[in-house]
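Working notes, beginning with the structure itself.
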Amino acid sequence: MRHGYKKMFSPTRLRPYWVLLALVLVAACDSDKEDGGLKFRADTDATPHRGVFGIVNTIVDSPLISVAYRTTSTFVGDKGIAQLSYAEATRFPIVSSEYNLVVSYPDPGGDAVVLLEYTEDNGNPIEVTIDDERILVLTGTIEEPIGYIIEAVEYQNGLDVPRDGTFLVTDPEVHFTHAVPSHAEKMLDFYFTQGEVDLATLEPSVTLAYTESSEVTSVLPGGDNRIYVTPSGDSATILYDSGEFILTTNLRILFVASQYFGPGGNGLKIHGIDQQALSFIYEDLPIAWRVANFIGDVSEVDVFIGDTTNGPIVSQVGSGEFSEFVVQEETTLPFLVAQTNFPDDLLFKRDLFIEPGSTVTLYVAGFESNEANDNERAIVAFSALEETRPVTGANQLRLVHGAPSGEPMDIYLLVPGQTVADSDPVFPDVTLGSVPSVSFAPGDYDLVAISTGNLSEVFGPSRIRLKSKVNYTLLFSDAPGGGLPVDMSLLEAPTN
């Protein structure tokens, strides 16, 4: 079956990006140079002696890392800094030379902590040669990081317009690497196929140990491509299925098997690396969802999928409470929410698409009764993607305004000793249904919420402590039973 695809983010590069029709852009990173940004070179004659360099970050508990590189030569070369979070990548042309390269991340005090060094001093600089490609893959953990280099001849169409002005049409090229720490002791078989097949009748395209990579191979352009990953020698146990995708001409992709943090699954998934990190929108991964009841005047709700005839999927979700997570294979779900014991009197109805491998909380808030219009309920619903990957040296703090009686608020997180007068709000003008998030260093903070309209204090100051490698939800809700004063809860979000 052929699927449609959608673009999640626009590419940040300058080159037209219509070669990839079937993969979804998940993350892209720009690198800073002295001229304000590392960009692809349009004038290839000005820099004829160059290769290609790429960086892929799959360190499982990685915060935002920096990769600083500088040529060892004082006469020729490049320098710059690339910043990458987990499952992000960058790839760019670079003057052929030897390079010193340092991988680091900021500690809670803002000082750089060095993870890996490739330098003249330790006898291990990285050499980028003319018309060759070098990709640095980062894996492991912050405590035990691993880096390894994948070497290949530069893709014949390269990143630049050919000097003679012609546009080459070339078959797509693919290669694979195993960067899954939880499978570090296992060999993995990779199958690149057309459509759904019986793996027992096929030989693996390549078998790889942890940190190994394959040679680059040309494949035919077209659709119905599919990638399967199994334990070595066990084709009956499918660890990962990409679902169908399309490859077009003039494209080289490195398929990176990396750690998976979502519901279900087998601890691994694949990202494709071109100039950026890519993911498959139809990969065979389950979803997880739960419902939070913040309807001020409804004590309990039931949640149905599709219709109410077969009973609720979750029932009796109390006011201010969360249901348990439900894991499902389907990704588009018609949610129905009704007051407990009144299935025919729906409070809310919506079709919700959830990306494969995602964990989502659906919040329903407001009031069952509407003083302005007795025939119209004042209920809103909003969803929040839960970050289930623990991060060293940083926390994701998500704010949820689920207080139907509350006004818009400015939320401050103050270092002890700071005041609202000398600080800016972390979350400004937060209204009912808002679910913004921000990364914060571990430590103690004073939480203060101020009404945006009249500057009166809504909540706080209240001292909270954010621990390392824990993600949090900062939840504002009505008082028990509904109404004011606004209540605040700091909840630890689920992580895998």
Side-chain angles (χ1 to χ4, degrees), residues 1-3 22-24 26 56 58 60 86-87 135 137 139-140 146 148 150 172-220 222-247 252-273 277-288 327-331 355-358 388-389 496:
M1 179 172 62
R2 185 68 56 83
H3 296 291
L23 298 174
V24 181
V26 170
V56 182
T58 65
V60 295
Y86 178 75
I135 299 177
V137 179
T139 184
I146 297 172
Y148 61 98
I150 297 176
E173 296 180 347
V174 300
H175 52 147
F176 297 84
T177 190
H178 174 357
V180 192
S182 65
H183 291 260
E185 304 301 320
K186 303 173 184 177
M187 302 277 284
L188 298 178
D189 286 343
F190 294 77
Y191 295 81
F192 185 88
T193 73
Q194 275 69 50
E196 193 169 353
V197 297
D198 181 4
L199 298 185
T201 65
L202 301 177
E203 290 293 323
S205 302
V206 66
T207 300
L208 299 174
Y210 185 46
T211 72
E212 283 188 340
S213 57
S214 71
E215 298 293 327
V216 174
T217 301
S218 292
V219 296
L220 294 175
D224 298 337
N225 299 291
R226 201 163 188 150
I227 296 172
Y228 297 93
V229 182
T230 72
S232 181
D234 181 10
S235 62
T237 303
I238 296 177
L239 300 176
Y240 177 81
D241 175 1
S242 70
E244 294 179 6
F245 60 95
I246 301 169
L247 291 179
R252 174 187 284 176
I253 292 186
L254 169 64
F255 291 112
V256 181
S258 56
Q259 196 72 34
Y260 170 66
F261 298 94
N266 296 287
L268 69 87
K269 67 172 293 178
I270 284 183
H271 291 92
I273 306 300
L278 311 153
S279 191
F280 304 93
I281 194 171
Y282 290 108
E283 57 194 345
D284 187 12
L285 291 171
I287 62 170
V327 178
Q328 293 191 222
E329 298 297 325
E330 298 84 359
T331 56
E355 296 283 351
S358 297
T388 55
R389 183 179 69 91
N496 291 331

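What you see is a predicted model; the values in this text were computed from it and never measured.
- Closest of all the heavy-atom pairs between Ala179 and Thr139 is O-OG1, 3.3 Å.
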* To do: Please report the C-alpha distance between Leu188 and Thr230 in whole Å, then the side-chain angles of each, then the deciding distance to 0.1 Å, and finally whether the side-chain contact (heavy atoms from CB on, under 4.5 Å) criterion is met.
  => CA-CA 6 Å; Leu188 298 178; Thr230 72; over 6 Å; no

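- For the atom pair CZ of Arg252 and OG1 of Thr217, the computed distance is 10.0 Å after rounding to the nearest 0.5 Å.
- For the pair Arg389 (side chain) and Val60 (backbone), a donor-acceptor distance under 3.5 Å is present.
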* Check the pair Ile150, Leu254 against side-chain contact (heavy atoms from CB on, under 4.5 Å), reporting the backbone distance first and the verdict last. => CA-CA 10 Å; Ile150 297 176; Leu254 169 64; 3.8 Å; yes

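- Distance CD/Glu173 to CG/Leu247: 11.5 Å, rounded to 0.5 Å.
- Take Tyr210 and apply the ring-ring contact (aromatic ring centres under 6.0 Å, His included) test, not counting sequence neighbours, and it matches His178.
- Side-chain contact between Ile135 and Ile273 is absent, with no heavy-atom pair separated by less than 4.5 Å.
- Every residue was checked against the ring-ring contact (aromatic ring centres under 6.0 Å, His included) condition with Tyr228, not counting sequence neighbours, and none meets it.
- Partners of Gln194 according to the side-chain hydrogen bond (donor to acceptor under 3.5 Å, both in side chains) rule, which considers only residues two or more places apart in sequence or in another chain, are Asn225.
- No side-chain heavy atom of Val216 sits less than 4.5 Å from a side-chain heavy atom of Val174.
- Under the 4.5 Å side-chain criterion, counting only non-hydrogen atoms from C-beta, Thr193 is in contact with Leu202.
- A donor-acceptor pair under 3.5 Å is formed between the side chain of Thr388 and the backbone N or O of Phe261.
- Looking at residues two or more places apart in sequence or on another chain, you find no salt bridge (charged side-chain N to carboxylate O under 4.0 Å, His left out) involving Asp189.
- Nearest heavy atom pair, residue Glu212 against residue Thr207, reads OE1-O, 4.3 Å.
- The closest side-chain heavy-atom distance from Ile287 to Val327 is not below 4.5 Å.
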Could you list the donor-acceptor pairs under 3.5 angstrom formed by side chains in residues 231-243, with sequence neighbours left out?
residue : atom : partner : partner atom : Å
Asp234  : OD1  : Ala236  : N            : 3.4
Asp234  : OD1  : Thr237  : OG1          : 3.4
Asp234  : OD2  : Thr237  : OG1          : 2.6
Tyr240  : OH   : Glu283  : OE1          : 2.5
Asp241  : OD1  : Arg226  : NE           : 2.8
Asp241  : OD1  : Gly243  : N            : 2.9
Asp241  : OD2  : Arg226  : NE           : 3.4
Asp241  : OD2  : Arg226  : NH2          : 2.9
Ser242  : OG   : Ile227  : N            : 2.9

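- Among all heavy-atom pairs drawn from Thr331 and Pro356, the shortest one is CG2-CG, 4.0 Å.
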* Asked: Where do Tyr260 and Asn266 land on the side-chain contact (heavy atoms from CB on, under 4.5 Å) test, with the steps shown first?
  -> CA-CA 8 Å; Tyr260 170 66; Asn266 296 287; over 6 Å; no

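- Nearest heavy atom pair, residue Gly265 against residue Leu285, reads CA-CD2, 4.4 Å.
- Using modelled atom types, one side-chain atom of Gln259 and one backbone atom of Ser182 make a donor-acceptor pair closer than 3.5 Å.
- Atoms OG1 and NE2, on Thr177 and His175 in that order, are 9.0 Å from each other to the nearest 0.5 Å.
- Pairs passing the ring-ring contact (aromatic ring centres under 6.0 Å, His included) check and including a residue from residues 179-200, sequence neighbours excluded, read Phe176-Phe190.
- In terms of heavy-atom proximity, Val180 sits nearest to Ser258 at CG2-N, 3.6 Å.
- The minimum heavy-atom distance linking Pro286 with Pro263 is given by the pair CG-O, 3.3 Å.
- Between Phe245 and Phe280, the angle of the ring planes lies from 30° to 60°, which puts this pair in the tilted group.
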